[in-house]
Amino acid sequence: MSAQVLNVEGLHAGYRGVEVLRDISFSVAEGEVVALLGPNGAGKTTSLLTFAGVIRPSRGAVRVLGFPSERQSTHLLAQRGMVFVPEDRGLFGQLSVADTLRLAQRSRVRETDEVMDLLPALRPLWRRKVALLSGGEQQMVALAAALVRRPRLLLLDEMSLGLAPQVVSELLAAVRRMADQDGTGVLLVEQHARVALAASDRAIVLRHGEVALEGCAEDVSSQLHVVESSYLGESGNLA
Ligand code: ATP
């Protein structure tokens with residue numbers, strides 16, 4: 001059995017006494033892509049922030065790369081091989097694509113040429129300033145900056161925000177290739193379930209901070225309509 005890069009057990013967490021996540025348990029193994037799905041406000045971003053050590057759990061345990069995340073700083077988890085790509089992509093607009101990747105590459109774990117092989121559409125943008133790129137191109141740069149660090153655990157928040165489904169599919173295909181090639185474990189937060197499921201091995205659907213559905217990507221895909229119908233009247237879009 002592959003080693004677990006993320007293990008969550010009976011997790012409760014939230015903000016200043018407001019409990020958002022209730023009794024969440026699941027794991028991500030090396031080389032596995034797991035989608036964390038759910039409508040707006042279900043607790044997806046809160047989950048990622050808790051796994052990355054930014055929010056302390058009120059109950060339960062999170063282990064990142066074998067270490068309890070609540071006792072490690074986010075910085076230390078990053079040194080051990082965790083990379084977190086936030087929803088706002090964490091880019092500096094005034095830097096060029098080349099400089100962004102050089103900065104991310106301080107530990108020089110992967111040559112930028114290899115990243116270009118995973119994301120070939122980045123090549124012609126090399127000298128351009130990040131701020132001048134389209135949303136899809138910027139997301140590609142954020143992903144490339146993560147890939148250059150050859151993560152063992154990659155936490156990806158809502159890559160699809162404002163992007164065309166075709167662009168998201170291409171980005172997710174690169175994520176899938178990296179998981180297969182390097183054995184990176186990926187937890188990928190998405191509101192657009194169908195696109196995410198196509199690139200994932202397994203999925204967890206959150207609803208009101210609890211696990212509403214969990215299983216292999218095909219099973220979750222076939223049962224999604226049941227969960228979706230329970231979202232009617234909510235703001236979520238699981239299409
Ligand atoms: P979205 O797709 O809209 O980002 P999400 O599934 O990522 O949704 P979260 O952002 O984790 O959901 O929010 C879960 C709940 O936590 C929501 O009810 C939200 O209002 C609440 N919440 C989020 N951030 C904070 C905060 N800083 N302080 C208090 N409550 C918060």
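For clarity, every value in this text was computed on a predicted model and none was experimentally measured.
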Enquirer: Sequence neighbours left out, what passes side-chain hydrogen bond (donor to acceptor under 3.5 Å, both in side chains) with Asp180? Give chain and number order.
Expert: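 So Asp180 forms a side-chain hydrogen bond (donor to acceptor under 3.5 Å, both in side chains) with Arg176.
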Enquirer: With Ser169, which residues qualify under side-chain contact (heavy atoms from CB on, under 4.5 Å), at least two apart?
Expert: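 Partners of Ser169 under the side-chain contact (heavy atoms from CB on, under 4.5 Å) test: Val195.
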Enquirer: Could you work out, with salt bridge (charged side-chain N to carboxylate O under 4.0 Å, His left out) as the rule, every residue matching Arg80, not counting sequence neighbours?
Expert: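 Arg80: no salt bridge (charged side-chain N to carboxylate O under 4.0 Å, His left out) contacts found.
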Enquirer: For residues Gly60 and Pro57, report the shortest heavy-atom separation together with the two atoms involved.
Expert: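 Nearest heavy atoms, Gly60 then Pro57: O-CB, 4.4 Å.
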Enquirer: Which pairs with one or both residues in residues 208-225 pass salt bridge (Lys or Arg N to Asp or Glu O under 4.0 Å), sequence neighbours excluded?
Expert: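 Applying salt bridge (Lys or Arg N to Asp or Glu O under 4.0 Å) to every pair that reaches into residues 208-225, excluding sequence neighbours, yields Arg22-Glu210.
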Enquirer: Just to verify, what does Phe84 make a ring pair (Phe, Tyr, Trp, His ring centres under 6.0 Å) with, not counting sequence neighbours?
Expert: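 Counting only residues at least two positions away or on another chain, Phe84 forms no ring pair (Phe, Tyr, Trp, His ring centres under 6.0 Å).
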Enquirer: Applying side-chain hydrogen bond (donor to acceptor under 3.5 Å, both in side chains), can you list everything that pairs with Arg123, at least two apart in sequence or on another chain?
Expert: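 Expected list: Asp117.
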Enquirer: To check you understand the geometry: which heavy-atom pair defines the closest contact between Arg207 and Ala212, and what is its length?
Expert: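 Residues Arg207 and Ala212, closest heavy atoms: CB-CB, 3.8 Å.
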Enquirer: Under 3.5 Å, sequence neighbours excluded: what are the donor-acceptor pairs made by side chains of residues 154-166?
Expert:
residue: Asp157; atom: OD2; partner: Thr45; partner atom: OG1; Å: 3.1
residue: Glu158; atom: OE2; partner: Gln191; partner atom: N; Å: 2.9
residue: Ser160; atom: OG; partner: Glu190; partner atom: OE1; Å: 2.7
residue: Ser160; atom: OG; partner: Glu190; partner atom: OE2; Å: 3.2
residue: Gln166; atom: NE2; partner: Glu170; partner atom: OE2; Å: 3.0

Enquirer: Just grab all the ring pair (Phe, Tyr, Trp, His ring centres under 6.0 Å) pairs involving residues 158-178, residues at least two apart or on different chains.
Expert: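 Sorted result for residues 158-178: empty, none.
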Enquirer: Which heavy atom in Arg56 sits nearest to a heavy atom in Ser69, and how many Å separate them?
Expert: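 Scanning both residues completely, I find the closest heavy atoms to be NH1-O, 4.4 Å.
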Enquirer: Only counting residues at least two apart or in another chain, list the ones meeting side-chain contact (heavy atoms from CB on, under 4.5 Å) with Ala203.
Expert: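 Ala35, Leu37, Leu197, Val220.
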Enquirer: Would you tabulate the side-chain donor-acceptor contacts of residues 6-15 under 3.5 Å, counting partners in other chains and residues two or more places apart, or write 'none'?
Expert:
residue: Asn7; atom: ND2; partner: Gln4; partner atom: OE1; Å: 2.8
residue: His12; atom: ND1; partner: Glu19; partner atom: OE2; Å: 3.1
residue: His12; atom: NE2; partner: Asp23; partner atom: N; Å: 3.4
residue: Tyr15; atom: OH; partner: Thr46; partner atom: OG1; Å: 2.7

Enquirer: Counting only pairs under 3.5 Å, give me each side-chain donor-acceptor contact of residues 131-142, with atom names and distances, residues two or more places apart or in other chains.
Expert:
residue: Ser134; atom: OG; partner: Glu137; partner atom: N; Å: 3.2
residue: Ser134; atom: OG; partner: Glu137; partner atom: OE1; Å: 3.4
residue: Glu137; atom: OE1; partner: Ser134; partner atom: N; Å: 2.9
residue: Gln138; atom: NE2; partner: Val130; partner atom: O; Å: 3.0
residue: Gln138; atom: NE2; partner: Leu133; partner atom: O; Å: 3.3
residue: Gln139; atom: OE1; partner: Arg89; partner atom: NE; Å: 2.9

Enquirer: Taking all non-hydrogen atoms of both residues into account, name the closest pair between Leu119 and Leu147 and its distance.
Expert: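 Here Leu119 and Leu147 meet closest at CD1-CD1, 4.2 Å.
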Enquirer: Please enumerate all residues that pass side-chain contact (heavy atoms from CB on, under 4.5 Å) together with Ala29, with sequence neighbours excluded.
Expert: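 side-chain contact (heavy atoms from CB on, under 4.5 Å) check on Ala29 returns Ser2, Glu32.
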Enquirer: Taking Arg152 for the side chain and Gly183 for the main chain, is one N or O donor matched with an acceptor at less than 3.5 Å?
Expert: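 No; judged by distance alone, with no hydrogens or angles, the pair does not exist.
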